[in-house]
Amino acid sequence: MIDWAKAALPHLIVVPIVLPLATAALMLFLAERRRRLRASLGMLSCVAVLAAAIALLMVVAERDAAAVGVYLPANWPAPFGIVLVADRLSAMMLFVTGVIALAALVYSLARWDRAGVYFHPLFQLQLVGVNGAFLTADVFNLFVFFEILLAASYGLLLHGSGAARVRAGLHYIAVNLFASSLFLVGVAVLYGAAGTLNLADFAARIPQVAAADRPLLHAGAAILAVAFLAKAAMWPLNFWLVPAYSAAGAPVAALFAILTKVGVYAILRIWTLLFGVDAGDSANFGGAALTWIGMASLAVASIGMLASHHPGRLAAWSVVISSATLVAAIGFARPALTAGALFYLIGSTFALAALFLLVELIDRAREVEPQVPHDDVDPLPFSVEYIERPDTNLDEDETVLLGRVIPGALAFLGLAFIVCALMIAGLPPLSGFLGKFAMLSSALAPSPAHAADPLSAPGVAALTMVAALIGSGFLSLIALSRAGIRYFWAPQERAAPRLRVIETLPIAALLALCALITIRAEPVMRYTAFAAQALHRPAAYVDAVLTARPVQRP
């Protein structure tokens, strides 16, 4: 399998972009009433994209293999032509995106894909934009893929109509158009300062930028960072996210869980390439700002969670907490801290997607009324029973508390919510705790510049990071526990919910992956450690892109 993937590596790189793009184009030729055919095509596309991502992941995960694969779509060498690059980080992000996309699409087949028109083409175009952003090695093409994913997200956010979605969608569109404008301005300024937009070429030129042009370079980078921070929902530009994500349909919100990570990815990729240790006078430019902005966002999001009661808003604030944790960790420029952050990214993103899918089922469970089940609803075929004991407690109506049957659907919702809460709050034994523990260990370790000094101690930023991580986890636990008590524990006189297997299967799969990451934590952490080292020492990335040669025509 790996040998085949190595041989097909150049073509595998372009599959996550070309395949969903071709699928979306084909769907537009099909009448809207051919929904089943559209759904089948979309499912095949998502499965194939995920398979390509897994193959890329296996190739770049090999220690002795070349860590970077390069594809030249126009067959022009860098920096003149478009370049697509697959390394450890981009392959990991493709895998996370593929898993979430497949889970969201399966969930949507229960009913959401019929709530409006063009759901499946927009879904595929969303994948084109997200996957392209993870693979491109050019700043302007990054802008192009950003606009593709944003244009698709506008339609997906409004899918299903409703006043709340329209209102939140208008704010979402306005903020992202503003961020896109800043993106363009930042790209223009960077091009004026360095004369290139290819990231690898940019990284090679940074140390040679004239002293007179360096303020212009920093100004362009700062403008670009504001655009990325807005897309990553960092404070004070994160006011749009909670209304938009909580108003979106369940599968759309689950897919949106990866969108803020695109902004985080762009910050991590560009900042480590352009302002790493080899950037001369620009080394680590803006690192402290990223750290403090991330921690401020973490504090605001934690308070927002504490002030929220509805699970949808809790899930949306959890997205901000996840992104803020990653941005704060990036600014320290420590490979060990970045490795822990990447490990945390995988599990937290899966848990957030599962929580967004779960929110709709929880809301539906609260609204359910006793009724005769429909033929098209497949209830879960199991229930959990407790053995009645003679000394059991009674409620106010002198009804036995222990000994009641817990419906299988309610048991599933409760257990899934508990797992999501543990992951988001970062409590043991799941991978959310392991990722946060790795970040805390690195933050409390002596600074790499003074590692030989036994008296060296963590600075103010590191101690603040530790307090922010612990505090956000504690406040998240309070907010989620309160919601769990309200929705699952409080006595409620209503019929047991009935769920379809096609709705519960994606949630179970995402949470099972969270458990698998915990069980296989060592190889996953080793992978993220190699990815972090490659990011902070990008010579191999730069070399691979600049030395890639076009295919000679016969």
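Being a predicted model, the structure only gives us computed values, none of them experimental. Sequential numbering from 1 along the given sequence is applied to the chain's residues. Just so you know, these numbers use all the heavy atoms, side chains as well, and skip hydrogens, waters and symmetry mates.
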Quiz item: Using the ring of each side chain (for Trp, its six-membered ring), is His536 parallel, tilted or perpendicular to Trp271, with breaks at 30° and 60°?
Solution: perpendicular

Quiz item: Heavy-atom distance under 4.5 Å between the side chains of Ile82 and Leu72, does that happen here?
Solution: no

Practice problem: Could you grab the distance from atom CG of Leu127 to atom CG of Leu255, nearest 0.5 Å is fine? | Solution: 6.0 Å

Quiz item: Is a donor on one side and an acceptor on the other found under 3.5 Å between the side chain of Tyr245 and the backbone of Ala257?
Solution: no

Quiz item: Are Asn198 and Asp201 close enough that a side-chain donor and a side-chain acceptor fall under 3.5 Å?
Solution: no

Self-check item: Side chains of Pro251 and Phe123 in contact at under 4.5 Å (non-hydrogen atoms)
Solution: no

Quiz item: Just how far is it from atom CG of Leu355 to atom CD1 of Ile362, taken to the nearest 0.5 Å?
Solution: 7.0 Å

Quiz item: In terms of the angle between their ring planes, are His159 and Phe119 parallel, tilted or perpendicular, with boundaries placed at 30° and 60°?
Solution: tilted

Quiz prompt | Shortest non-hydrogen contact between Ser90 and Tyr265, atoms and distance | solution = CB-OH, 4.0 Å

Practice problem: Determine yes or no for a side-chain-to-main-chain donor-acceptor pair under 3.5 angstrom, with Thr338 supplying the side chain and Ile330 the backbone. | Solution: no

Quiz item: Taking the side chain as C-beta and beyond, is there a heavy-atom pair between Glu147 and Ser180 under 4.5 Å?
Solution: yes

Quiz item: Can a donor-acceptor pair be found between the side chains of Lys261 and Ser322 at a distance below 3.5 Å?
Solution: yes

Quiz item: Between Phe134 and Pro16, is any pair of side-chain heavy atoms under 4.5 Å apart?
Solution: no

Quiz item: How far apart are the C-alpha atoms of Phe228 and Phe183, what are their side-chain angles, what is the distance that settles it, and do they pass the ring-ring contact (aromatic ring centres under 6.0 Å, His included) test?
Solution: CA-CA 8 Å; Phe228 292 146; Phe183 197 154; 5.1 Å; yes

Quiz item: Should Leu217 and Ile206 count as side-chain neighbours, where that means a heavy-atom distance under 4.5 Å?
Solution: yes

Quiz prompt | Contact check, side chains of Leu150 and Ile173, non-hydrogen atoms, under 4.5 Å | solution = no

Exercise. Identify the two heavy atoms, one from Val542 and one from Ala200, that lie closest to each other, and give their separation to 0.1 Å.
Key: CG1-O, 3.6 Å

Practice problem: May I ask you to test the Asn176-Lys231 pair for a side-chain heavy-atom distance under 4.5 Å? | Solution: yes

